[in-house]
Amino acid sequence: MPSFRAPRGTRDLLPAERPAWERLAAIASDLARRYGYASIETPIFEQTAVFERGVGEATDIVEKELFRIQPRSEEAESWALRPEGTAGIVRAYVQHGLHTLPQPVRVQYLGPMFRYDRPQAGRYRQFWQWDVEAIGDPGPAIDAEIVELGHRFYVEAGLPNVKVLLNSIGDGACRPAYVTELTAYFASHRERLPELERSRLATNPLRLLDSKDPEMAALIAAAPRIVDRLCDACRTHFDAVRAHLDALGVPVRLEPSLVRGLDYYTRTAFEFYREGAEGQQQALGGGGRYDGLVQLLGGKPTPGIGFALGLDRVVLALAEERIAAPAPAHPAVFVTGADPADTVSRLRFATDLRHGGICARADLGQRRLSRQLEQAAREGAHFAVILGDELREGLVQLRDLRAASQHPVPLADLAREIERGEQSHRHG
RNA sequence: GUGGCCUUAGCUCAAUCGGCAGAGCAUCGGAUUGUGGAUCCGAUGGUUGCGGGUUCGAGUCCCGCAGGCCACCCCA
């Protein structure tokens, strides 16, 4: 037994699993290019206050899930690993004066996030998100662009039955009155509330709306709905977002109880979920509008909207749907030799081919030829080059491992023959 | 953070009532001095997750801890 293992809630993504991840990263990057979202990268840790202010002090993410970095001295700044991406990006937007760029600033990136949570399948302490943000456009069309982009990712990843839950949670003009009304409603039924919900009523009454307690179902169904209490501006905005999404053909389901767990959201809130999925980790991603966040982090009042998609859950869902991951890359050529001890020749041949742009491997151990060929076949190489006595006449054997045929090739023609064989294989 | 189930070789799993820790796969080698993914033979691989207790004797029973999973909480 090894005495060390990966920390709780973290995983090693081994070579066999990496192609599936790289495929998703490639899809994200290609979508970003086509939709015009530039790449950005921010530190994986920030001043704790960035998250406390940005995400919200009363949220679970900050209250109990923040990975804090132990300060090295009394004067040390307080740091924390990022639990999500938006706060750091908005911090960068303010710090570097990105409001001087043409608005909105469209950015995206893919990277690890950290939450000190109890791990479960599909829920890790280090997990990966694809984060997309558009800062500086009040909407509503940009809202639809963002939602459609997120949905499109699942389409191109090949994951079926991904739907969009959509809601508006109002803004500073209409939400406070709604929260007051909702609190009064639940308080008037206090005796029917389960213990947990009773305590939440004081801290975050909106959360009662997505309680899973069956006792709550009837109460929630009869509760006042934010969508019926929106101010005129929010109402107009929400209707327009829906109209734009309809025009794009995005499958949307209105979900009046969708509230989301971060304080910074205003108006548009959405979640991507898998219809008919087993288990609790059905939320594949989510996002919303955050019109107050830039100001909260020290910038001028600036609207924004974005989403984060959980790649771990997409990988998991693709495996459940038995959608095949791409195979690891096979080498075009595998260099073998009759003399097991002559690693110099094998390595030199492979290196020359590599310098010529060819994907080449060589057996650098001391196996005899039959073992080297076995290795070549198992690694899926198209060709094997066999170095032997023919070298004295300037020839090597070029063996096509798939056709099980071989012929001598002059050294000068080797690279050209391999490239030609690879091309005809690709196109044939 | 709460409750439940689980943990034996790199992986999947055996081990009777508490009585010598095993198999398949994988890895490496041999059968085969310059020709392949098969086959046969062999080898490597274990403080039975960790620590304590009961016992002549613990993989097996008891306690604690860690890790994984499930349901909560919450979220991606």
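Residue numbers begin at 1 in each chain, while the letters A, B, ... track the order of the sequences.
- Comparing B:C69, B:G34, B:G37 by their closest approach to the side chain of A:Glu374 singles out B:G37.
- Here A:Asp131 lies out of heavy-atom contact (under 4.0 Å) with every strand.
- In this structure, A:Asp400 does not pair ionically with A:Arg402, as no charged nitrogen and carboxylate oxygen lie closer than 4.0 Å.
- Atom NZ in A:Lys64 sits about 10 Å away from atom C1' in B:C75, given to the nearest Å.
- B:U12: Watson-Crick or G-U partner is B:A23, with both key distances under 3.5 Å.
- At whole-Å resolution of the value, CE in A:Met113 and C1' in B:A76 are 10 Å apart.
- Comparing the same atom, C1', in B:U8 and in B:A21 gives a spacing of 8 Å after rounding to whole Å.
- Contacts of A:Gly285 with the nucleic acid, taken as non-hydrogen atoms under 4.0 Å apart, involve only primed sugar atoms and P, OP1 or OP2.
- When rounded to the nearest whole Å, the span between CG of A:Leu14 and C1' of B:A26 equals 15 Å.
- Along RNA chain B, the nucleotide nearest A:Arg8 and the nucleotide nearest A:Gln366 are compared for position; the residue whose nucleotide lies closer to the 5' end is A:Gln366.
- Residue-level contact check: A:Ala384 touches neither bases nor backbone, having no heavy atom under 4.0 Å from any strand.
- For an aromatic pair to be called close, the ring centres must be under 6.0 Å apart, and A:Trp130 with A:Phe307 satisfies this.
- Distances from the side chain of A:Ser370 to the nucleotides B:G67, B:C75, B:U35 place B:U35 closest.
- Using a 4.0 Å heavy-atom cutoff across all strands shown, A:Asp389 reaches at least one base atom of the nucleic acid.
- If you check B:A31, B:U35, B:C28 against the side chain of A:Arg367, the one that comes closest is B:C28.
- Ring planes of A:Trp128 and A:Trp21: perpendicular class, angle over 60° (limits at 30 and 60°).
- Counting non-hydrogen atoms under 4.0 angstrom, A:Phe272 reaches nothing in the nucleic acid.
- Heavy atoms of A:Glu65 sit under 4.0 angstrom from primed sugar atoms or phosphate atoms, though from no base atom.
- Among B:G34, B:G30, B:G37, the nucleotide with an atom closest to any side-chain atom of A:Ala377 is B:G37.
- Between the C1' atom of B:U33 and the CG atom of A:Asp342 lies a distance of 15 Å, rounded to the nearest Å.
- Listed by first then second residue, pairs satisfying ring pair (Phe, Tyr, Trp, His ring centres under 6.0 Å) with a partner in residues 192-222 of chain A number zero, not counting sequence neighbours.
- Across every strand in view, B:C65 sits in a pair with B:G49 that passes the Watson-Crick or G-U test at under 3.5 angstrom.
- By the salt bridge (Lys or Arg N to Asp or Glu O under 4.0 Å) test, A:Glu145 is found to be paired with A:Arg106, residues two or more places apart in sequence or in another chain being considered.
- Nucleotide B:U60 is matched to nothing when pairs are restricted to Watson-Crick or G-U wobble geometry with both distances under 3.5 angstrom.
- For the pair A:Asp117 CG and B:G1 P, the computed distance is 11 Å after rounding to whole Å.
- The C1' atoms of B:U7 and B:G46 are separated by 15 Å, rounded to the nearest whole Å.
- For A:Arg118, the listed nucleotide lying nearest its side chain is B:C69; candidates were B:C69, B:U35, B:A76.
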